[in-house]
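Values reported hereafter were calculated over all heavy atoms of this structure, with side chains retained and with hydrogens, waters and symmetry mates removed. Numbering starts at 1 and runs along the sequence shown.
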Amino acid sequence: MVYWEHRYLLGSMVFTIAGDVVRDFDDEYDAWCWLEKTGWGLVAIEPPDPIRPGACKYYFKRQKLPLNRQTAEHQIPSEKWR
């Protein structure tokens, strides 16, 4: 089974989907770079907020395999593939 982690970016602040601040950057470009470097991919853009024009939410997610599956894949005996 695959688990997905979700985050969103509003201005220069990166949030979890629950709304807790994960990181706050001085520059929005730095926030984008950090998300891309840590493996987050853009999946959706929410339209601008009518109260704050121009403030879009950008939603990111990344795939995370369960730890036990990752280790099991690395322990496959080579004889099985012969």
Side-chain angles (χ1 to χ4, degrees):
M1 178 177 272
V2 175
Y3 298 96
W4 293 95
E5 295 176 341
H6 299 268
R7 290 195 178 167
Y8 69 90
L9 172 67
L10 180 59
S12 65
M13 299 181 83
V14 179
F15 297 83
T16 65
I17 205 67
D20 299 323
V21 177
V22 176
R23 286 196 63 170
D24 185 12
F25 296 84
D26 293 331
D27 182 66
E28 191 171 348
Y29 176 79
D30 292 336
W32 275 94
C33 289
W34 179 78
L35 283 162
E36 290 173 355
K37 270 197 283 186
T38 55
W40 294 92
L42 180 66
V43 291
I45 301 172
E46 188 175 292
D49 186 341
I51 297 170
R52 297 189 314 171
C56 295
K57 279 186 186 176
Y58 299 89
Y59 289 89
F60 298 81
K61 73 177 181 178
R62 74 175 165 190
Q63 184 177 348
K64 188 171 191 175
L65 295 173
L67 184 59
N68 59 355
R69 182 172 176 196
Q70 288 175 338
T71 53
E73 289 175 356
H74 295 293
Q75 295 175 350
I76 297 172
S78 57
E79 293 82 29
K80 184 177 180 180
W81 300 106
R82 290 185 186 171

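- Counting heavy atoms from C-beta on, the side chains of S12 and D24 come closer than 4.5 Å.
- The 12-atom threshold is exceeded at CG of D27, counting heavy atoms of other residues, nucleotides or ligands nearer than 6.0 Å.
- When hydrophobic side chains of Ile, Leu, Val, Met, Phe, Trp and Tyr are connected at separations under 4.5 Å, F60 ends up clustered with L9, V14, V22, F25, W32, W34, L35, W40, L42, I45, Y58.
- Scored by the side chain to side chain donor-acceptor pair (under 3.5 Å) test, E28 finds no partners at all (sequence neighbours excluded).
- Put simply, the side chain of R62 gets close to the backbone of T38: a donor and an acceptor are under 3.5 Å apart.
- By the side chain to side chain contact (heavy atoms under 4.5 Å, CB included) test, K57 pairs with Y8, L10, E46, Y59, sequence neighbours left out.
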